[in-house]
Amino acid sequence: MSIVVFTEKNKAASQIASILSGGHFNRASVESIPVYDFKMNGKEWRIMGLAGHIMGYDFPEQFNNWRECDPAVLLDTPPVKNVTKKPYAAAISLLASGAEEVVLACDFDREGENIGFEAKEIAERVASLPVKRARFSSLSASEIKNAFSNLVEPDYNMAMSAEARQILDLKMGAAFTRFMTLSVREKARTKGVISIGPCQTPTCGFVYEREKLIKNFKSKDFWKIEALLNSKGADFTGVHRAGNIHEKEKANEIFARIKDCKTGLVDKKSVKEARTNPPYPLNTTEFLKRASKFLGVSPEEALETAEQLYLSGFTSYPRTETNKYADDFDFKSKLVAFSSGIYQKYALTILSAGEITCRNGTKDGHDHPPIHPIKAASKDDIEKGVRMPNAWKIYDLVVRHFLANLMESAIFEKTRLEILVGGEIFDVTGSILTNPGWLDVYPFETKNDKLLPLIEEKDEVAVKELKNTKSETTPPKRLTEAELLTLMDKHGIGTKATAPSHIETNKKRGYFETKGKTIAILDTGFTLMDTLDATVPILVQPEIRARIESLIQDVEDGKKSLESALSEGTTLIKQMYSQLTSSKDAIAARMAGTIVDEQVATDKKNFVGTCPECGRMLHMIKTEKGRFVGCTGYPECKNTYPLPKAGVLTVLRSQQCEKGGVAVMKVGNKYNWAVGIGPCFTCDLEKKCFPPEIVGPCPVCDGSMFLITTKDSRFLGCTNRCGHTQSVPKSGRLTILDRLCEHCGWHILRVKEQKQDAEEFCANRKCSGK
DNA sequence: GCAAGGTC
């Protein structure tokens, strides 16, 4: 008879076997699953790793046909639990039948307790035997030994709280998803699924809320008074103390008082030292945010890459909440490993400083240490070991973060000047990085110097120019994936390991997409959120997760039984469900309009926009007589719009017509056409919608030079049509950069010829810098 | 075919 131990995963099983046996154990195989055997205190021990959950809930067979089952019925149907990983169940039965005792040694959290109970349930089917629990927060030798010499009772409440989560999530997800999918299919031909869930929906909700802010944003004018100052031959800029001034009269009044001033007086000067501390050690959430922000790698891909790096032994386990190192963490041997190769400089800096100090965070999930490198590797090693496109970049981030955490703070010297110009205060700031510290190893966060000439109080400075410039407030920016992860983390949506998958689900469903690092909501997602927001608002908000969380917390705390939590949760879901279904027709019609009809989807080029009459898709129709825009809902919807007779038509999907045209198209290379309105050149808003791409001031008149592209040529012309032109390179892809030439102030051009490196130069052929 | 949570 033996003592049988189940852990959450194989890695933990082998680790624990090694610790308890002092390294003297045998690796056996039961149903082709690794089992670690050894003897301790005269007893046989057998340790096996599970693979996370090995059981899962589903509805009974007869409820699985969507068409034949009213989704509402699911709310009153208890799901059943089945084994999803048969070999593990078989191995558990075999081990249990020869056991005198079972010890559950899964991770010390809700899901871990639940996974342990899955093994317990299977074991108890074949044998009646005592089941104990080993609780440990890390796989360190002392904790493991301590846990196994102080076994406790399994925590039934904790396991049942995870049970409640599983059942409520499934009921809600299945009922809502089926309802929405089936309702929409009555109105639009689609095989796609419109899914709703307690994590994915509020995740999309964050993106939707931001989109609304952007859509409803009304820009306001403001004025800013700036002074171009000069001292000892160096220019610098001061900003009037009033900052952004929202009343035009006030700005004009101030400006009138000072506009002829030629000198200013340094009234106050202060120099302060500012420190920027190194980042905390990496936990999963922080890692995913940084991979997205610094490397542009999606959370999903970053987690998968980190998993591969971990399995190949380059970095530590990537799923952890902890951002502090244990007291006995061995920094030294790792630093020694990095003291040759490309990180040498930094490793030696840390080692030579004497005592190694890390800057610890405050989160401790009692699970795994922060993500850190396990061994030093070259780019070549990584690329050979892990065949994923961003493996090296991710490894490099982990190493640099690890080193940065152990380095000194960065120190800046910040100078503030108050300069009086005509009695008005102008603020000037400058900063110099005096000691880069950790920033040296961390190129992802660049902090540029802002240099000032050496000036003292009571010095006089020259005023070269005073400007009173009008600007507009800009709408909020789209969320980045990093910001979305922050919001999810803050509101408890998903866990460290599942957050990327909820983002991925939303992308897969066509609710939003990523454009570079930012997230843009798509029609289907926006309409779904808008509909839910109007019918079941709680669903779009993080509150839905919080409600379920509080129910299951009560189960864990023993304040509620599993049964009463399930019944309360089901009541909540039923309320939401009836709110949703009460306006079924309206919802389905709105949603159907956003579904790209499969016929249209195969012919994406012809898809124009949404029909304002019925909400379905508009598409281009070509007949022998000509071409026009029609509705895919024809003959039910007879809405049409004319199109110009000649020219290649391209839908400008990024452009919106300010006057309510359904879409904007480019006609050949000639002009733009707003569908439902007509050619854009007849519209007084043309310049606003298609502002010329200005590269600099016209050297002849007071106009501006802008890029003119025709069918067979391109050149710079003047917005005043004064006749002045300049040439630009005729071939290659041309981009006007935001950066300005330091000699003449025109924009820099980038030209990229095929198979050649891009070249950058000043747009001004007559620039003094050449 | 539906959710979210483990891990491979």
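Letters A, B, ... are given to chains in the order of the sequence lines, protein chains preceding strands, and every chain is numbered from 1. Remember, it's a predicted structure, so these values are computed and weren't measured experimentally.
Each of A:Leu182 and A:Thr201 was assigned the nucleotide of DNA chain B with the nearest heavy atom; the assignment lying further toward the 5' end belongs to A:Leu182. Along DNA chain B, the nucleotide nearest to A:Thr181 and the one nearest to A:Gly492 differ in position, and the one closer to the 5' end is contacted by A:Thr181.
A:Gln200 and A:Ser195 form a side-chain donor-acceptor contact under 3.5 Å, judged by distance and modelled atom types alone. Side-chain N/O atoms of A:Ser161 and A:Arg110 include a donor and acceptor closer than 3.5 Å. Defined by atom type and a distance below 3.5 Å, a donor-acceptor pair is missing between the side-chain atoms of A:Asn323 and A:Glu286. With hydrogens and angles left out, the side-chain atoms of A:Asp381 and A:Tyr395 include no donor and acceptor closer than 3.5 Å.
For B:dC2, the base has a donor-acceptor partner in the side chain of A:Asp58 [N/O atoms by modelled type, under 3.5 angstrom].
Between A:Tyr57 and the choices A:Glu163, A:Gln166, A:Lys81, the side chain to side chain donor-acceptor pair (under 3.5 Å) rule is met once, by A:Glu163.
Going from atom CD1 of A:Ile544 over to atom P of B:dA4 covers 11 Å, rounded to whole Å. Rounded to an integer number of Å, the gap from A:Met172 CE to B:dG5 C1' is 16 Å. Straight-line distance from the NE2 atom of A:His53 to the P atom of B:dA4: 14 Å, rounded to whole Å. A:Lys11 places its NZ atom 10 Å from the P atom of B:dC8, with the value rounded to the nearest Å. Whole-Å rounding puts the A:Leu170 CG to B:dG5 P distance at 13 Å.
Among the nucleotides B:dC8, B:dC2, B:dT7, the one closest to the side chain of A:Val193 is B:dC2. Among the nucleotides B:dG5, B:dC8, B:dA3, the one closest to any side-chain atom of A:Asp169 is B:dA3. Candidate nucleotides B:dG1, B:dC2, B:dT7 were compared by shortest atom distance to the side chain of A:Arg185, and B:dG1 ranks first.
Between A:Arg67 and B:dC2, a side-chain N or O to OP1/OP2 separation shorter than 4.0 Å is absent. Considering only side-chain N and O atoms, A:Gln166 lies nowhere under 4.0 angstrom from the phosphate OP1 or OP2 of B:dA3. The phosphate of B:dG5 has neither OP1 nor OP2 within less than 4.0 Å of any side-chain N or O from A:Arg165. Taking only side-chain nitrogens and oxygens, A:Tyr57 never comes nearer than 4.0 Å to OP1 or OP2 of B:dG5.
Between A:Phe176 and A:Tyr577, the ring centre distance stays below 6.0 Å. Taking the six-membered ring for Trp, A:His372 and A:Phe329 have ring centres closer than 6.0 Å.
Sorted by residue number, the members of residues 497-505 of chain A with any non-hydrogen atom under 4.0 Å from DNA chain B read A:Thr498, A:His502.
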